[in-house]
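One structure below.
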Amino acid sequence: MNSLKLTNLAFAYPDGHQALFGVNLEIKKGERVAVLGPNGAGKTTLVLHLNGILNGSGEIEVAGLKLNVDDKDNLLEIRRRVGIVFQDPDDQLFMPTVREDVEFGPFNMG
Ligand SMILES: Nc1ncnc2c1ncn2[C@@H]1O[C@H](COP(=O)(O)OP(=O)(O)O)[C@@H](O)[C@H]1O
Ligand SMILES: [Mg+2]
């Protein structure tokens, strides 16, 4: 079972910059993987695809579930499984205390 499978993922930013092209990746259940590369290699662009924040071409499967950004239920299910921590904490934190900030996700998942 794959926890993640990318098939032929490609993405160009609106200015035409092709950040990803022909990306194939399989991560098996239980594996821990670090994606390494220099600044501008496309790590952030790749990760932002994993829960549909960015939407390129190709196929993305999370725990056997195919990502479909046009299907709201699908997107919700994927986002329960793929959490992203942003690089700059100021983009991420928005509650007045650490406790409330940490609580926000689980609270909204019931
Ligand atoms: N909003 C954007 N518009 C145009 N090009 C971008 C944008 N964000 C990133 N890029 C370009 O896409 C490539 C990959 O960037 P990025 O995914 O941020 O790389 P990394 O996270 O590995 O440093 C770089 O060449 C970068 O300049
Ligand atoms: Mg980055």
Side-chain angles (χ1 to χ4, degrees):
M1 163 76 136
N2 289 313
S3 48
L4 187 66
K5 186 173 180 194
L6 308 181
T7 310
N8 217 8
L9 185 65
F11 178 77
Y13 281 99
D15 69 359
H17 185 94
Q18 188 82 43
L20 301 175
F21 191 77
V23 178
N24 294 290
L25 174 68
E26 260 185 64
I27 298 177
K28 303 249 182 289
K29 192 176 173 190
E31 274 187 318
R32 292 178 182 209
V33 173
V35 177
L36 308 179
N39 267 346
K43 305 178 297 293
T44 296
T45 307
L46 177 78
V47 165
L48 292 177
H49 277 79
L50 303 184
N51 67 4
I53 294 175
L54 290 178
N55 179 32
S57 65
E59 219 169 77
I60 297 175
E61 252 180 59
V62 175
L65 184 64
K66 205 167 129 180
L67 174 77
N68 176 5
V69 294
D70 298 322
D71 178 345
K72 222 177 164 194
D73 292 338
N74 172 278
L75 206 51
L76 277 174
E77 190 51 42
I78 297 273
R79 286 180 178 173
R80 280 175 180 270
R81 293 160 190 263
V82 181
I84 294 175
V85 179
F86 291 124
Q87 186 158 342
D88 178 358
D90 282 345
D91 293 339
Q92 171 108 11
L93 303 172
F94 60 97
M95 298 298 263
T97 69
V98 172
R99 185 189 179 96
E100 287 169 280
D101 210 86
V102 170
E103 275 175 352
F104 185 81
F107 179 77
N108 278 281
M109 289 169 82

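Worth saying up front: this structure is predicted, and the values here are computed from it rather than measured. Order of listing sets the numbers, starting from 1, for every ligand and every atom in it. All values below were derived from every heavy atom in this structure, side-chain atoms included, with hydrogens, water molecules and symmetry-related copies excluded.
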Could you give the side-chain donor-acceptor pairs of residues 101-110 under 3.5 Å, partners two or more places apart or in another chain?
from, atom 1, to, atom 2, distance (Å)
Asp101, OD1, Phe94, N, 2.9
Asp101, OD1, Met95, N, 3.0
Glu103, OE2, Arg99, NE, 3.0
Asn108, ND2, Phe104, O, 2.8

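- Within 4.0 Å of ligand 1, counting heavy atoms only, the contacting residues are Tyr13, Asp15, His17, Ala19, Pro38, Asn39, Gly40, Ala41, Gly42, Lys43, Thr44, Thr45.
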Test side chain to side chain contact (heavy atoms under 4.5 Å, CB included) applied to Gln92 and Asp88, step by step: CA-CA 7 Å; Gln92 171 108 11; Asp88 178 358; over 6 Å; no
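- Atom CD of Glu31 sits in a crowded spot, with more than 12 heavy atoms from other residues, nucleotides or ligands closer than 6.0 Å.
- A donor-acceptor pair is defined here as one N or O able to donate and one able to accept, closer than 3.5 Å; such a pair exists between the side chain of Gln18 and the backbone of Leu20.
- By the 4.5 Å heavy-atom criterion applied to side chains, His49 and Leu9 are counted as neighbours.
- Among the backbone and side-chain atoms of Thr44, an N/O/S atom is found under 2.8 Å from the Mg ion (ligand 2).
- Rounding to the nearest 0.5 angstrom, the gap separating the CG atom in Leu67 from the CG atom in Leu50 is 9.0 Å.
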